[in-house]
Novice: 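What follows is a single structure, and I will ask about it in a moment.
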Amino acid sequence: MGEPGTKEVLNLDDLQASSGFRTGRKHILSLLVENKPGVLARISGLFARRGFNIDSLAVGPTDDDQISRITLTVDGASHPIDQVTKQMHKLINVIKIRDLEPNEAVARELALFKVSADGDSRGQIMEYAEIFRGRIVDVSKRSVTVEVTGPDDKIEAFEQMVRPFGLIEMVRTGEIAVSRGRTAT
Amino acid sequence: MRAVDAVMECLKAEGVKHVFGIPGGANLPTYDALYDAGLRHVQCRHEQGAGHAAEGYAKASGQVGVALATSGPGATNLVTAIADAMMDSVPTVFITGQVRTDLLGTDGFQEADVTGITMPIVKHSIMIQDPLEIPEAIHEAFHIARTGRPGPVLVDIPQDLSRAEIPYEPVDSVHLPGYQPTKEGNTKQIRLAAKALANARRPVIYAGGGVVNANASAELVELAMSDRFPVTCTLMGLGAFPAPHDQWLGMLGMHGTRSANYAMDEADLICCVGARFDDRITGKLSEFAPRAKFIHIDVDPAEISKNVPAHIPIVGDAKQILPKLCAEYRALDTDSARLDGWWERVRGWQEKHPLGYEDSEGSEIKPQYMIEALYEATGGDAIVTSDVGQHQMWAAQYFHFDAPRKWINSGGLGTMGFGLPSAMGAKVAMPDEQVVCVAGDGSIIMNVQELATCVTESIAVKVFIMNNGYLGMVRQWQELFWDGRYSAVDMGSSPDWVKLAEAFGATGVRVDDKAELPAVMKKVLEAEGPVVCDVRVTPEENCYPMIPAGQAARDMVG
């Protein structure tokens, strides 16, 4: 591919192929950060600069009120993720980063599904909710809202099940995760 | 005391003696505190100039450079300097005023979200939200700017908070749980690197600006001379290894010497110290140094294996690592004769491809000759700053820097207009040194307003404009790669640089005769006060040798 500054005209296909560094491997990044303004913007900025899409993001307090936990999931090959991780380490307010292997971590997400429900379908939706160990958190004449927790594939499976009834809306928290075993994430 | 007075106390505690800047509405309190704080303030004419002056100050002295600006346009004018300091790892602290907290986010007069704007181009930034944080924030800023891989830190202080009365107590340490730069370097890795050097038959030491930043030039020379290791430096590293030296290959990269680039191409081991395998160094990455294994010493772990995978990475401070590496190497049983063949090859290139140009027969001044004449006139004893373009490359090639912090230019960001303000900063830091700015006629005008600063503040910088009437480097690329379609590169003949200098109250001189050049240069250098010397050079000279963009080192042309 030609370098900027040279006359060579770039082919659009080549351009797209050269940026195709997504492998589909999912990364769960667990960060401890100082609870200061702008930290999240700095982190998301690093991903944006490299053209990465953050698939999900969850931020919350920890047992130390000076420190927050950020969990984000990204899709990318290990090399570019490495660069982003190293760049994140350089952020002064980032204390710790862990790139969790999906099979070495317990990941959970909470989702709320608002589904169209009339007399006939309500029972069936409730049955599915039970199978997925979900909970009915709101009911109206024409809808039912189900709370489901689990890893993202479970959430997605439930979504498939209820979509045919008419999914009014779905809200997901984004995954949070801890490493398996005794040591802290 | 007022928070702004505490800021002054903090600056003094950090050893700051000079600051550069421009006052405005939102930093009126800062300037009120500055009035009798006992610091020298250099009142610049544009915030970009103040920013580059702070960089020049830092690069010349190794101390943190400080620039002040007001909110909104004052702060946005700093942006180029901040980005420049980030790219070239220059320890700098920028303190900006911000609108009152009750106006934040309302598009208040002269409001700009400067922490947001600069987020990707700062090492760190702090937006003050509580006046009590101010002293700690200032000290954190200095600590972060100067330690690890140096860089710019921005502190943004809303106007009302800066007027707050706070109890001030000196801060003696900062608490940054997420910031602990590695210094020592891993002992095992260092030992491994020593062994690799001992086994190498075609080694090259490739040193960059990191060596200068780490003040590790002496240690670099020591390592190079622990055997006969050939040394090349990047544009930013020039001076880290003395140019007139038996083991010196010259600069490498796009406009580096053939010997340096060919040596990299054929090396079996490259020991990179404080450099980052920039695209201007590697050319076509897939064909860069195809036979080499890499030792990479860098204080910034994010640089390791970023562009070129390192076989032996060593993270830490070059000043600490190089002596250890040297000691480990000396402890090994090595035979210097193994390098004979390699030196024979290198000497062959050096003899066959010395840096050179075809000099003019008549009175015409070749740009390369201009730099050689300047080298002669100064005796090499000067701090040289430059703008960006052909003149910068020629200065790098023909002014043989023999010590660090003598060559100040914008390498990473490539900021035209960097030369004059950075010379100004360097001269303030080093008043007893001869400070020379080699400028292009296209570049100098981008910050020429700082001549006013030089005149009113009596900063005697000597500006030599390499005047070819073109944006020369762009013209060269248009000639070589774009079928000679010269688009928007002709600068015409304006302005009259001599009159312009005089209008500012500086001295202006013009020279277009080769025979007169040395004498004129000598006069300029001996003159008092700031001088602008308009040197008319060959308009369409090209800068060679050159690795054409996207090609490999062995494909050098010219």
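Every chain is numbered from 1, with letters handed out A, B, ... down the list of sequences. Below, each value reflects all heavy atoms present in this structure, side chains not excepted, and no hydrogens, waters or symmetry copies.
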Novice: If we ignore hydrogens and angles and just use 3.5 Å, is the side chain of A:Gln83 paired with the main-chain N or O of B:Ala302 as donor and acceptor?
Specialist: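 Judged by distance alone, yes, a pair lies under 3.5 Å.
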Novice: A quick test of your reading: do over 12 heavy atoms of other residues, nucleotides or ligands sit less than 6.0 Å from CE of A:Met126?
Specialist: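 Counting other residues, nucleotides and ligands, CE of A:Met126 stays at 12 neighbours or fewer.
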Novice: Tell me which of these, B:Ile304, B:Asp483, B:Ile126, has more heavy-atom pairs under 4.5 Å with chain A than the rest.
Specialist: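 The option with the most such pairs is B:Asp483.
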Novice: Check the surroundings of atom CD in A:Glu130: do more than 12 heavy atoms from other residues, nucleotides or ligands lie under 6.0 Å from it?
Specialist: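 No - once you tally the heavy atoms of other residues, nucleotides and ligands closer than 6.0 Å, there are 12 at most.
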Novice: If you measure from CD1 on A:Ile95 to CD on B:Gln180, what distance do you get to the nearest 0.5 Å?
Specialist: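 The distance works out to 9.5 Å.
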Novice: Keeping the roles fixed (side chain from A:Lys86, backbone from B:Asp300), state whether a donor-acceptor pair exists under 3.5 Å.
Specialist: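 No; judged by distance alone, with no hydrogens or angles, the pair does not exist.
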Novice: Should B:Ser125 and A:Arg42 count as side-chain neighbours, where that means a heavy-atom distance under 4.5 Å?
Specialist: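 Counting from C-beta outward, B:Ser125 and A:Arg42 do come under 4.5 Å.
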Novice: Can you confirm whether B:Gln129 sits close enough to A:Pro37 that some side-chain heavy atom of one is under 4.5 Å from a side-chain heavy atom of the other?
Specialist: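 Sidechains of A:Pro37 and B:Gln129: in contact.
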Novice: Check B:Pro120 against A:Arg49 and note the closest heavy-atom contact, atom names and distance.
Specialist: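 So the minimum-distance heavy-atom pair works out to O-NH1, 4.2 Å.
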Novice: Check each atom of A:Leu46 against the heavy atoms of chain B and say whether the ones under 4.5 Å are side chain, backbone, both or neither.
Specialist: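 Contact with chain B: none, neither part.
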Novice: May I ask you to check whether over 12 heavy atoms, not counting those of A:Lys114, lie within 6.0 Å of atom NZ?
Specialist: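 Atom NZ in A:Lys114 is not packed in, count stays at 12 or less.
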Novice: Minimum heavy-atom separation for B:Met119 to A:Gly38, with atom names?
Specialist: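 B:Met119 and A:Gly38 have their closest heavy atoms at CE-O, 4.1 Å.
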Novice: Do A:Glu34 and B:Pro177 touch side chain to side chain, with heavy atoms closer than 4.5 Å?
Specialist: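 Yes; the side chains approach each other to less than 4.5 Å.
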Novice: Which distance, rounded to the nearest 0.5 Å, do you find between the CD1 of A:Ile92 and the CG of B:Leu176?
Specialist: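 Those atoms lie 6.5 Å apart.
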Novice: Flag the pair B:His124 / A:Asn93 as yes when at least one side-chain heavy-atom distance between them is below 4.5 Å, and no otherwise.
Specialist: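 A side-chain contact under 4.5 Å exists here.
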